[in-house]
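Report on one structure; see the data block that follows.
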Number of protein chains: 2
Amino acid sequence: MALFDLLGRHWAMGILWNLCEAGPLTFRALEAKCETITPASLNKRLKELRAAELVHRVEGGYGATVLGDRLYDHLLSMADFSLEWADHLSQCD
Amino acid sequence: MALFDLLGRHWAMGILWNLCEAGPLTFRALEAKCETITPASLNKRLKELRAAELVHRVEGGYGATVLGDRLYDHLLSMADFSLEWADHLSQCD
DNA sequence: GAAATCACTATAGAAAAGATAGCGAATGAC
DNA sequence: GTCATTCGCTATCTTTTCTATAGTGATTTC
């Protein structure tokens, strides 16, 4: 449940997603990727994700750890599911 | 991203988790399972999850839809990962 | 050495969540 | 029939979190 709690925080999954997808990103680049996030929130999430060893500082900004990458695999499979889900929803409306 | 947004809301994954694990539950039973949730939040999340067709009303309260169950599979595999993650964290500290 | 870019921090307002109490409807015992 | 219990919520108020916007000092660029 601790994992769900951490990932349930605003933009937590989005940050990990972007870091894994686009490789190491600077603070500013991440800020731009997560279009609606504010620097204060981004900084907070980064601190939490770093404390959780899912993200760490690398040359060129921030990057996912090995663990973060493994979690990303799960997010990927959830993203697959989300397409199916979107299909289903559009059929119902 | 819409899925991450929905599931990122407070207790959203926990609610789905409990519904899938414990079968149909009444509002009060769910409230008890999610120990720290308030009825106002629970009601809000339930409305969102129902709008997303992941949860629906059934005899005996609320239950997961077929789609919700499929999403639960992904949560399960994330829970597996979380054990690994917890191990890793405890080693570092 | 002035300008741009970096990673943030500060502050103020809006939105979400938490705590607690209570409502009307249905059920069941007496 | 009425009293108590359980049901699914709703209302109110406080606290926490997020957003918007501006700005800081440090480093790099020209």
Side-chain angles (χ1 to χ4, degrees), chain A residues 1-65 68 71 75 82, chain B residues 1-65 68-69 71 75 78 82:
Chain A
M1 277 294 162
L3 183 66
F4 290 165
D5 185 44
L6 176 71
L7 293 179
R9 306 257 228 310
H10 200 62
W11 269 109
M13 291 194 262
I15 289 169
L16 186 61
W17 180 277
N18 280 312
L19 282 182
C20 290
E21 241 197 358
L25 291 172
T26 66
F27 189 93
R28 301 264 173 158
L30 249 182
E31 199 181 340
K33 283 265 178 195
C34 309
E35 300 183 355
T36 66
I37 205 174
T38 60
S41 294
L42 176 55
N43 191 35
K44 208 170 179 200
R45 285 302 92 77
L46 281 174
K47 275 181 186 159
E48 292 164 358
L49 290 170
R50 286 166 71 186
E53 309 260 357
L54 297 172
V55 163
H56 59 178
R57 290 194 137 275
V58 294
E59 197 180 2
Y62 293 97
T65 61
L71 183 51
L75 294 187
S82 81
Chain B
M1 277 293 161
L3 183 66
F4 290 165
D5 186 43
L6 177 72
L7 293 179
R9 308 263 230 304
H10 200 61
W11 270 108
M13 292 193 262
I15 289 169
L16 185 61
W17 180 276
N18 279 313
L19 282 182
C20 290
E21 244 198 355
L25 292 171
T26 65
F27 188 93
R28 301 261 174 162
L30 248 182
E31 200 181 340
K33 283 265 178 196
C34 309
E35 303 183 353
T36 67
I37 204 173
T38 59
S41 294
L42 176 55
N43 190 35
K44 208 170 180 202
R45 284 302 92 75
L46 280 174
K47 275 182 187 158
E48 291 163 0
L49 289 170
R50 287 167 69 186
E53 310 260 356
L54 297 173
V55 164
H56 58 178
R57 290 192 137 273
V58 294
E59 196 180 4
Y62 294 97
T65 61
D69 254 326
L71 184 50
L75 295 187
M78 276 180 51
S82 80

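Just so it is clear: chains get the letters A, B, ... in the order the sequence lines come, proteins before strands, and each one is counted from 1.
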For B:K47 and D:dT10, is the shortest distance between a side-chain N/O and OP1 or OP2 below 4.0 Å?
-> yes

Is the distance from OP1 or OP2 of C:dG18 to the nearest side-chain N or O of B:H10 less than 4.0 Å?
-> yes

Between atom [atom1] in [X] and atom [atom2] in [N], what is the gap in whole Å?
X	N	atom1	atom2	answer
B:N43	D:dG8	CG	C1'	8 Å
A:R45	C:dT9	CZ	C1'	16 Å
A:R9	D:dT16	CZ	P	14 Å
B:D5	D:dC18	CG	P	12 Å
A:E48	C:dC8	CD	C1'	16 Å

State, with a plain yes or no, whether a side-chain heavy atom of [X] is found less than 4.5 Å away from one of [Y].
X	Y	value
B:D5	A:M13	no
A:L49	A:Y62	no
A:F27	A:N43	yes

Nearest heavy-atom approach of B:A22 to B:K33 is CB-CE, 4.0 Å

Under 4.0 Å from any atom of DNA chain C, heavy atoms only: list the residues of residues 17-42 of chain B that qualify, in numerical order.
->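 The stretch gives B:T36, B:T38, B:P39, B:S41 as the residues lying under 4.0 Å from the strand, ordered by number.
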
Given D:dT17, D:dG8, C:dA7, the nucleotide with the shortest approach to the side chain of A:K44 =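 Output: D:dT17.
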
Side chain to side chain contact (heavy atoms under 4.5 Å, CB included) between B:T26 and B:E31: does it pass, once the steps are laid out?
-> CA-CA 8 Å; B:T26 65; B:E31 200 181 340; over 6 Å; no

Counting distance only, does the side-chain N/O of B:T65 pair as donor-acceptor with the main-chain N or O of B:E53 below 3.5 Å?
->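 Answer holds: yes.
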
